[in-house]
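Quick caveat, the model's predicted, so the values are computed rather than measured.
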Amino acid sequence: MEVGRLPISATLRGKLISSGYTTLSSLASVSPSNLARELEISNNEAFEVLKLASHGRGLDRSEGSGAIVNGAETAWDMLHKEQFIPRITTSCADLDNLLGGGINVSEVTEIGGVPGIGKTQLGIQLAVNVQIPGAFGGVGGKAVYIDTEGSFMVERALQIAEACIEDMSDYSVLLKKNAIPHQIQIEPKNILENIFYFRVCSYTEQIALINYLDKFITEHKDVKVVIVDSVTFHFRQNFDDLALRTRLLSEMALKLMKLAKKFSLAVVLFNQVTTKFAEGSFQLTLALGDSWSHSCTNRIILYWNGDERYAYLEKSPSLQSASAPYSVTCRGIRNSTSSNKRTKMM
């Protein structure tokens with residue numbers, strides 16, 4: 001149960017969320033005096049909040065007691081299920097091959113890189129590609145796009161949507177030659193209508209929105225990707241209390257992992273880079289520290305190799321670490337020009 005459902009004032013609820021207390025379980029081990037000091041409220045108010053939270057946890061346990069032991073499955077069933085997990089194409093064959101076919105649903109994927117490497121471009125591409133119908137090898141879902149930096153460009157989304165429909169038309173012609181007729185009934189307007197855009201301007205708004213996603217996706221069950229661009233931005237601004245930041249990020253990561261599993265959707269988190277002193281020199285690394293790196297199932301680092309963009313799969317439970325080139329074109333994410341040249345020579 002979320003603290004947002006407690007029968008308390010909006011001001012007090014906002015203080016709890018800002019301090020990292022987003023769930024009832026996060027209040028389980030705090031004392032009234034410590035909570036009063038953190039929230040700058042009276043001891044009586046703190047005691048009342050903890051009393052309500054304790055009652056709420058009791059209700060959660062009694063309501064869910066019959067479901068605690070449900071959900072067991074064999075390792076064989078899990079392996080069989082993984083073979084049929086749908087993936088969202090990136091529109092770059094080399095990048096898709098690196099990822100075993102594309103971005104996995106039911107998993108959290110972190111993608112980081114330097115400014116200008118194409119993170120937002122890739123985010124918009126995924127928000128469009130998740131809508132490719134199953135008849136064309138897609139997922140046929142909708143997208144939630146959470147923009148923390150103000151970098152989402154609707155004109156660019158329109159360009160990529162138009163290119164995606166053209167690609168599907170070309171594929172449809174190929175299918176007709178093989179006597180498998182498929183008609184395209186999607187227009188660019190439809191694709192834009194299926195991207196639910198949220199602009200957040202502070203870390204408290206970001207936390208509140210992620211708490212709200214469970215309800216939103218329950219009402220929009222065809223959402224198949226949640227994109228946060230970037231997960232980092234508000235947590236690097238004026239954050240002196242690193243322990244609080246770690247707690248907030250851990251709770252947020254846990255909620256996103258639960259969303260991915262519960263609704264069988266992909267969660268894609270874009271991250272920024274920072275410098276880290278290691279082996280006698282400063283090196284570029286993804287932001288938010290080592291503890292955050294354990295919050296995602298897959299981790300991809302985008303980088304420059306000369307004038308060419310590359311993606312490096314740093315972490316995956318089932319795939320080997322490797323690199324693949326990609327390009328950002330007027331049509332969106334595509335194979336790199338050097339990759340195309342190699343293909344033609346072969």
Side-chain angles (χ1 to χ4, degrees), residues 86-105 109 111-134 136-147 149-174 184 186-197 224-230 266 268-270 300-305 307-313 323-341 343:
R87 289 173 170 82
I88 305 167
T89 178
T90 63
S91 290
C92 170
D94 290 336
L95 189 49
D96 282 350
N97 290 336
L98 177 74
L99 301 174
I103 300 292
N104 265 9
V105 304
T109 299
I111 303 175
V114 297
I117 197 67
K119 297 188 296 294
T120 298
Q121 301 285 333
L122 181 53
I124 295 173
Q125 185 76 61
L126 293 172
V128 169
N129 286 1
V130 73
Q131 302 179 51
I132 297 174
F136 294 89
V139 177
K142 297 181 181 180
V144 167
Y145 201 106
I146 301 172
D147 184 5
E149 301 183 25
S151 54
F152 181 86
M153 299 161 286
V154 70
E155 296 85 0
R156 182 61 172 148
L158 177 61
Q159 277 184 335
I160 292 174
E162 290 170 341
C164 180
I165 291 172
E166 288 175 17
D167 289 343
M168 283 192 284
S169 298
D170 293 342
Y171 186 56
S172 181
V173 170
L174 181 64
I184 307 222
I186 304 175
E187 297 181 1
K189 175 189 173 185
N190 304 134
I191 290 178
L192 295 186
E193 286 176 341
N194 290 334
I195 300 174
F196 300 108
Y197 174 81
K224 286 300 171 187
V225 68
V226 172
I227 298 162
V228 185
D229 181 20
S230 68
V268 180
L269 307 176
F270 288 98
I300 303 163
I301 299 176
L302 309 180
Y303 65 96
W304 290 100
N305 184 3
D307 294 331
E308 197 164 26
R309 293 176 169 92
Y310 272 78
Y312 173 67
L313 181 62
S323 295
Y326 68 97
S327 289
V328 178
T329 72
C330 60
R331 296 173 62 83
I333 304 296
R334 293 292 187 272
N335 279 355
S336 71
T337 51
S338 62
S339 177
N340 289 333
K341 286 176 183 176
T343 303

Just by distance, do the side chain of [X] and the backbone of [Y] share a donor-acceptor pair under 3.5 Å?
X: Lys142; Y: Val130; answer: no
X: Asp96; Y: Thr90; answer: yes
X: Asp147; Y: Ser151; answer: yes
X: Lys119; Y: Asp229; answer: no

Arg309 and Val328: CA distance, side-chain angles, deciding distance, side chain to side chain contact (heavy atoms under 4.5 Å, CB included) verdict: CA-CA 8 Å; Arg309 293 176 169 92; Val328 178; 3.7 Å; yes
Side chains of Asn129 and Ser91, donor plus acceptor under 3.5 Å: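 Yes.
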Of all pairs that satisfy salt bridge (charged side-chain N to carboxylate O under 4.0 Å, His left out), the ones with a partner from residues 325-336, not counting sequence neighbours: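 Listed once each, the pairs are Glu166-Arg331, Asp167-Arg331, Asp167-Arg334.
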Pairs flagged by salt bridge (charged side-chain N to carboxylate O under 4.0 Å, His left out) wherever residues 153-165 is involved - sequence neighbours left out: none
So which heavy atom on [X] is nearest to which on [Y], and how close?
X: Pro133; Y: Met168; result: CD-SD, 3.5 Å
X: Ile227; Y: Gly123; result: CD1-O, 3.2 Å
X: Ala266; Y: Ile88; result: CB-CD1, 4.0 Å
X: Ile300; Y: Leu313; result: CG1-CD1, 4.0 Å
X: Ser323; Y: Tyr312; result: OG-CD1, 3.3 Å
X: Ala311; Y: Tyr303; result: C-CE2, 4.3 Å

Heavy-atom neighbours of Glu193 CD exceed 12 at 6.0 Å: yes
Asp307 atom CG, neighbour heavy-atom count above 12 within 6.0 Å: no
Side chain proximity check, Ile103 to Val225, heavy atoms < 4.5 angstrom: no
Side-chain heavy-atom pair Asn104, Thr109 within 4.5 angstrom cut-off: no
Ile333 and Gln121: CA distance, side-chain angles, deciding distance, side chain to side chain contact (heavy atoms under 4.5 Å, CB included) verdict: CA-CA 7 Å; Ile333 304 296; Gln121 301 285 333; 4.1 Å; yes
Contacts of Tyr145 that satisfy ring pair (Phe, Tyr, Trp, His ring centres under 6.0 Å) - sequence neighbours left out: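 Partners of Tyr145 under the ring pair (Phe, Tyr, Trp, His ring centres under 6.0 Å) test: Phe152.
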Chi angles and distances behind the side chain to side chain contact (heavy atoms under 4.5 Å, CB included) call for Tyr326, Ile117: CA-CA 10 Å; Tyr326 68 97; Ile117 197 67; 3.4 Å; yes
Criterion side chain to side chain contact (heavy atoms under 4.5 Å, CB included) on Leu192 and Leu158, from CA distance to verdict: CA-CA 7 Å; Leu192 295 186; Leu158 177 61; 4.1 Å; yes
Between [atom1] of [X] and [atom2] of [Y], what distance do you get to the nearest 0.5 Å?
X: Ser336; Y: Asp94; atom1: OG; atom2: CG; result: 6.0 Å
X: Ile191; Y: Ile195; atom1: CD1; atom2: CD1; result: 7.5 Å
X: Asp170; Y: Ile165; atom1: CG; atom2: CD1; result: 12.5 Å

